[in-house]
Amino acid sequence: MVMGTIRIEAQLAVIGAGPGGYVAAIRAADLGQEVVLIEERQELGGVCLIEGCIPSKALISAVEVANAAQAAKQFGLTFVAASFELDKLRSWTKSVVSGLTKGVRFLLEKRGVQIIRGRARFTGANSLDIDGSDVGGVDFQHCIIATGSRINELPTGYGLPVWTSADALNLPEVPESLVVIGGGYIGLELGLVYAGLGARVTVVEFHPHLLMGADHDLTEVVVRHSRNRLHNILVNSRVSRIERSGAGFVLTVEHEGKEQRLETAQVLAAVGRKPNTDGIGLDRAGVALDQHGKIKVDITGTTSAPSIYAIGDITPGPMLAHKASREAKVAAEVLAGHPAAFDNRAIPAVVFTDPEIAWAGITEREALEQKRPITVGRFPLRALGRARTLGRSDGLVKVISDPETKLVLGVGMVGPHVSELIAEGALALEMGATLEDLMVTIHPHPTLSEAIMEAAEAAAGAPVHTLTS
Ligand SMILES: Cc1cc2nc3c(=O)[nH]c(=O)nc-3n(C[C@H](O)[C@H](O)[C@H](O)COP(=O)(O)OP(=O)(O)OC[C@H]3O[C@@H](n4cnc5c(N)ncnc54)[C@H](O)[C@@H]3O)c2cc1C
């Protein structure tokens, strides 16, 4: 067989096998579509499984155990100081990733999805070519683009061997010192991992606060805890130059008109991601981009080319795996003739720091910017039995509501396991719940979930375990 000479036909071609693409392929196949999935990587699962959500959370879990062992001193329980065997930690993380990527392949194959390894490029609104595969191209009725995003290159220090998040997740070594450029969630999560593994970590952030999307009352708890773990946090600071210095690096950092030099063994650049919209022939397919370089879509995921849908990181909105997967289901259902739309009220956000931060719906900052009147009910975890029994009472849950209708507009939280608790907030928003709905729902005792009920009571002016101000 001559490489790339065969063309095949498919009802649906999906490009990219991340949490957008593979979920779309599964849902469409279940709805009776004949699906071809094209992925240029060897493994399926995209950035999330291979170099994002999953490996980062595997490392975070390991460091959390070490932190919890240290914190157990308060219970009179003393462990010898934790030490990590990097080889074992690396292979454990890889085994978690490989188990999941194999699972994705199994699920797709069982649905009869044809998986093609290669790089897809549009040649028209109903056709694409594939590079690097036996199959030279696909003629399709519909296509879903789910090509995701890639790491932003550092504007300074180009060409130097600084780490990206993908490098850091491979755990090449634990450097004696590490400067993380970027105090967003990826920089902070990975910075705390390396601090937990023993590196002296400095985080440099251009903006005045870490985790700019989150409310300050939530981030300040994490900053307080991180100060004990990180060597330094520099905000309002810009890295203007990176140079080699022996085996390490020296960074020039500008802060309020002054320059300082930071010597460090390694640098991790975590300065955002950009959508993979270039080099895939979007112009030939008639797919238009917005002013931020993302693919324009309507609420069904349809692009400016009616036969082509787009989902995930390449479309407007936050770059999050669960947003990609929800959009995937919508697009697959719509092209299979079902009524569906991405009309979600909330895309929850979680930062897996220690403690964790999570929010859904409107934030206080957004309400202020929109000049929207709100009522905020806060419940501090120090007043919560379960948080006390865990020895983790630093944190809070807040419920933001409309002063007139009492509709829940937003939920924010910082504390242990809030990555799990936020789903109740997202459900409340999706169902159009009022404060009363949260208040009259019986929450099991003693659990962290009671904090949501208590925060709703505080917002309604009827708190039990706190006092009205
Ligand atoms: C370090 C890190 C941690 C993260 N943690 C979280 C988290 O905790 N929670 C969360 O929700 N999100 C997290 N994310 C973000 C999450 O990984 C992305 O939002 C998600 O992967 C986007 O899914 P996607 O399907 O749009 O694209 P991707 O996962 O990027 O998948 C796109 C796929 O398309 C393939 N591809 C691209 N172009 C072509 C082409 N022309 N032909 C064939 N194949 C192609 C790529 O190889 C890739 O496999 C994290 C990201 C990083 C980097």
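Order of listing sets the numbers, starting from 1, for every ligand and every atom in it.
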Grab the two heavy atoms, one from [X] and one from [Y], that are nearest each other, plus how far apart they are.
X: Pro348; Y: Leu320; value: O-CD1, 3.8 Å
X: Leu59; Y: Leu89; value: CD2-CG, 3.8 Å
X: Pro355; Y: Val414; value: CG-CG2, 4.0 Å

Self-check item: Spacing of Lys398 atom NZ and Leu218 atom CG [to the nearest 0.5 Å]
Solution: 4.5 Å
Tell me which protein heavy atom sits closest to [atom], plus the residue, atom name and distance to 0.1 Å.
atom: atom 36 (N) of ligand 1; answer: Glu40 OE2, 3.7 Å
atom: atom 27 (O) of ligand 1; answer: Gly148 CA, 3.1 Å
atom: atom 41 (N) of ligand 1; answer: Ala120 O, 3.1 Å
atom: atom 46 (C) of ligand 1; answer: Glu39 OE2, 3.5 Å
atom: atom 37 (C) of ligand 1; answer: Thr147 O, 3.3 Å
atom: atom 50 (C) of ligand 1; answer: Tyr185 OH, 3.2 Å
atom: atom 21 (O) of ligand 1; answer: Cys48 N, 3.3 Å
atom: atom 20 (C) of ligand 1; answer: Pro19 CG, 3.8 Å

How does [X] reach ligand 1, by side chain, by backbone, by both or by neither, if only non-hydrogen atoms under 4.0 Å count?
X: Ile15; answer: side chain
X: Ala321; answer: both
X: Ser149; answer: backbone

Within the 4.0 Å heavy-atom shell around [X], which atoms of ligand 1 are there?
X: Lys57; value: 5 (N), 6 (C), 7 (C), 8 (O)
X: Gly20; value: 25 (O)
X: Ala146; value: 32 (C), 33 (C), 34 (O)
X: Ile38; value: 43 (C), 44 (N)
X: Glu51; value: 1 (C), 53 (C)
X: Gly18; value: 25 (O), 29 (O), 31 (O)
X: Leu320; value: 10 (C), 11 (O), 12 (N), 19 (O)
X: Gly312; value: 26 (O)

Practice problem: May I ask you to decide if the ring planes of Tyr194 and Trp163 are parallel, tilted or perpendicular, using 30° and 60° as cut-offs? | Solution: tilted
Quiz prompt | N/O donor-acceptor pair under 3.5 Å between Gln266 side chain and Leu178 backbone | solution = no
Quiz item: Is there a donor-acceptor pair under 3.5 Å between the side chain of Glu430 and the backbone N or O of Arg345?
Solution: yes
Are any of the side-chain nitrogens in [X] or [Y] under 4.0 Å away from the carboxylate oxygens of its partner?
X: Lys294; Y: Asp313; answer: no
X: Arg27; Y: Asp30; answer: no
X: Arg105; Y: Glu43; answer: no

Quiz item: Just wondering, do Phe379 and Val399 contact through their side chains at under 4.5 Å, heavy atoms?
Solution: no
Quiz item: With a 4.5 Å heavy-atom cut-off, do Val239 and Val179 have their side chains touching?
Solution: no
Can you find a non-hydrogen atom of [X] under 4.0 Å from ligand 1?
X: Tyr22; answer: no
X: Ala328; answer: no
X: Arg150; answer: no

Quiz item: Between the side chains of His142 and Gln33, does any donor sit under 3.5 Å from an acceptor?
Solution: no
Quiz item: Looking only at distance, does Ala324 have an N or O less than 3.5 Å from an N or O of ligand 1?
Solution: no
Quiz item: If you measure from atom 16 (C) of ligand 1 to every heavy atom of Gly52, Gly16, Cys53, which option wins on shortest distance?
Solution: Cys53
Quiz prompt | Best match, Asp131, Asp313, Val47: closest heavy atom to atom 18 (C) of ligand 1 | solution = Asp313
Self-check item: Within 6.0 Å of CD in Glu369, more than 12 heavy atoms from elsewhere
Solution: yes
Quiz item: Do other residues, nucleotides or ligands put more than 12 heavy atoms under 6.0 Å from Lys296 NZ?
Solution: no
